[in-house]
Amino acid sequence: NDFLLQSKRNSSHNLVYSPPRGIIVDRNQRVLAHNRPLFELWLDRTRIPESTTPNLFLQSLNLPPMITVGDPEDLPIDQASFPVDSDTRYETGLAYRAFVFEHPEFFVRVQPERIYPYGKSLSHFIGYVGLASDDEWDTIRRDDSLALVTEKIGKTGMEKEFELILKGERGVTSIETNALGEAIRVIEEQEPTSRGIVRVTIDAELQQESFEVLESAIHSNSGSGGVVLVSNIKTGEIITLASSPSYDNNFFSQKNIIGIRRTLNDESLPL
């Protein structure tokens, strides 16, 4: 009976890991979209006392100055775990690791964050990634039971057009845990795999030059906007597709709230 009771307390849990998003390069292999590591500190709701809420639990802790916690009550209530802080600095990632060692209610994840080196000059063409909207999430969840609400998807441009190629295959680790939520053994493990590189016909340097000339011409002539399009008449390849007014797509992929608000309120309508 004792062994039977222990067996019933054991259960299996899946840990899902997103692969690094595929890279986008121009015709000369210049990188147009890539990733950098984002360190995230997560709280496991199942490991805090039932008599308290995540908010109260976080307030009761003596958090290091390097850790800045938002409001967990704003997150979906059906999530068993969620991120409470994130940073791209390695020293912050090390601070997270040290904190988790002392507080088993937390764990650390390293997620890829999207970077667009050419920013405004290519934002309309490349697009950006972001969290799924309610409608998008319903569709994603219906087709993919392992999808995470914290995953970013292509929202516009090439990021959206080549979403299936760029997102890769998730990794899944099935673990057996006891009644305390402690891992006993790994049942099965599948590593995440990236889909590789998408190469487009754009020439990034010519695109940048075209964009700067376009903005200068608009400013000099008190214009409201314009487009420069350069194509290879023999092949139909698009070499330059510059549009102004534009915006910095890094604001959206990195959740720069001030930059996003400024873009949305811009009377020139860069979106």
Side-chain angles (χ1 to χ4, degrees), residues 5-21 35 37-113 130-132 134 137 140-141 144-153 167-192 254-255:
L5 181 60
Q6 290 181 38
S7 177
K8 288 181 178 179
R9 287 176 177 170
N10 294 336
S11 59
S12 176
H13 295 281
N14 287 330
L15 301 178
V16 182
Y17 304 95
S18 301
R21 194 170 177 85
N35 312 293
L38 176 67
F39 304 97
E40 295 182 338
L41 179 67
W42 286 60
L43 173 65
D44 185 348
R45 262 193 185 142
T46 64
R47 305 197 70 176
I48 67 174
E50 294 183 1
S51 58
T52 187
T53 66
N55 228 355
L56 293 175
F57 176 75
L58 289 169
Q59 292 173 10
S60 69
L61 298 175
N62 183 21
L63 297 172
M66 195 171 288
I67 298 177
T68 305
V69 174
D71 185 1
E73 302 299 341
D74 292 337
L75 292 160
I77 60 174
D78 60 343
Q79 282 187 240
S81 57
F82 51 83
V84 296
D85 193 28
S86 63
D87 204 310
T88 57
R89 294 174 295 178
Y90 283 96
E91 55 266 32
T92 305
L94 292 174
Y96 290 165
R97 294 287 186 188
F99 182 76
V100 167
F101 185 77
E102 299 285 340
H103 300 85
E105 301 88 358
F106 296 83
F107 60 94
V108 176
R109 279 185 178 175
V110 183
Q111 302 280 15
E113 183 176 70
L131 296 177
D134 290 341
W137 174 246
I140 292 170
R141 190 64 175 174
D144 187 352
S145 61
L146 295 178
L148 300 173
V149 72
T150 54
E151 283 182 336
K152 292 183 177 180
I153 63 171
K167 73 176 184 179
E169 298 289 343
R170 292 184 195 82
V172 182
T173 299
S174 296
I175 59 172
E176 185 178 357
T177 59
N178 60 20
L180 298 177
E182 299 168 335
I184 299 175
R185 66 186 179 94
V186 175
I187 301 173
E188 186 178 1
E189 190 168 16
Q190 176 183 328
E191 292 291 331
Q254 296 166 29
K255 294 175 67 176

Which heavy atom of G93 sits nearest a heavy atom of F39, and at what distance?
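The pair with the smallest heavy-atom distance is CA-CG, 3.8 Å.
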Least distance between heavy atoms, P20 atom then P112 atom
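That would be CA-CG, 3.9 Å.
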Distance in Å, Q254 CD paired with T88 OG1, rounded so as to fall on 0.5 Å steps
8.0 Å
So, taking the atom named CD1 in I48 and the one named CG in L43, what distance separates them when rounded to the nearest 0.5 Å?
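I48 atom CD1 to L43 atom CG measures 5.5 Å (nearest 0.5 Å).
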Can you list everything that forms a side chain to side chain donor-acceptor pair (under 3.5 Å) with D87? Sequence neighbours excluded, please.
R89, T92
By side chain to side chain contact (heavy atoms under 4.5 Å, CB included) - contacts of A95 (at least two apart)
M66
Can you name the side chain to side chain contact (heavy atoms under 4.5 Å, CB included) partners of L131, sequence neighbours left out?
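Testing L131 for side chain to side chain contact (heavy atoms under 4.5 Å, CB included), a comparison that skips the adjacent residues, returns K152, K255.
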Can I get a per-line list of side-chain donor-acceptor pairs under 3.5 Å for residues 96-107, giving both atom names and the distance, sequence neighbours left out?
{"from": "Y96", "atom 1": "OH", "to": "D85", "atom 2": "OD2", "distance (Å)": "2.8"}
{"from": "Y96", "atom 1": "OH", "to": "S86", "atom 2": "N", "distance (Å)": "3.3"}
{"from": "H103", "atom 1": "ND1", "to": "F99", "atom 2": "O", "distance (Å)": "3.1"}

For E113, check salt bridge (Lys or Arg N to Asp or Glu O under 4.0 Å) against everything at least two apart and list the hits.
R36
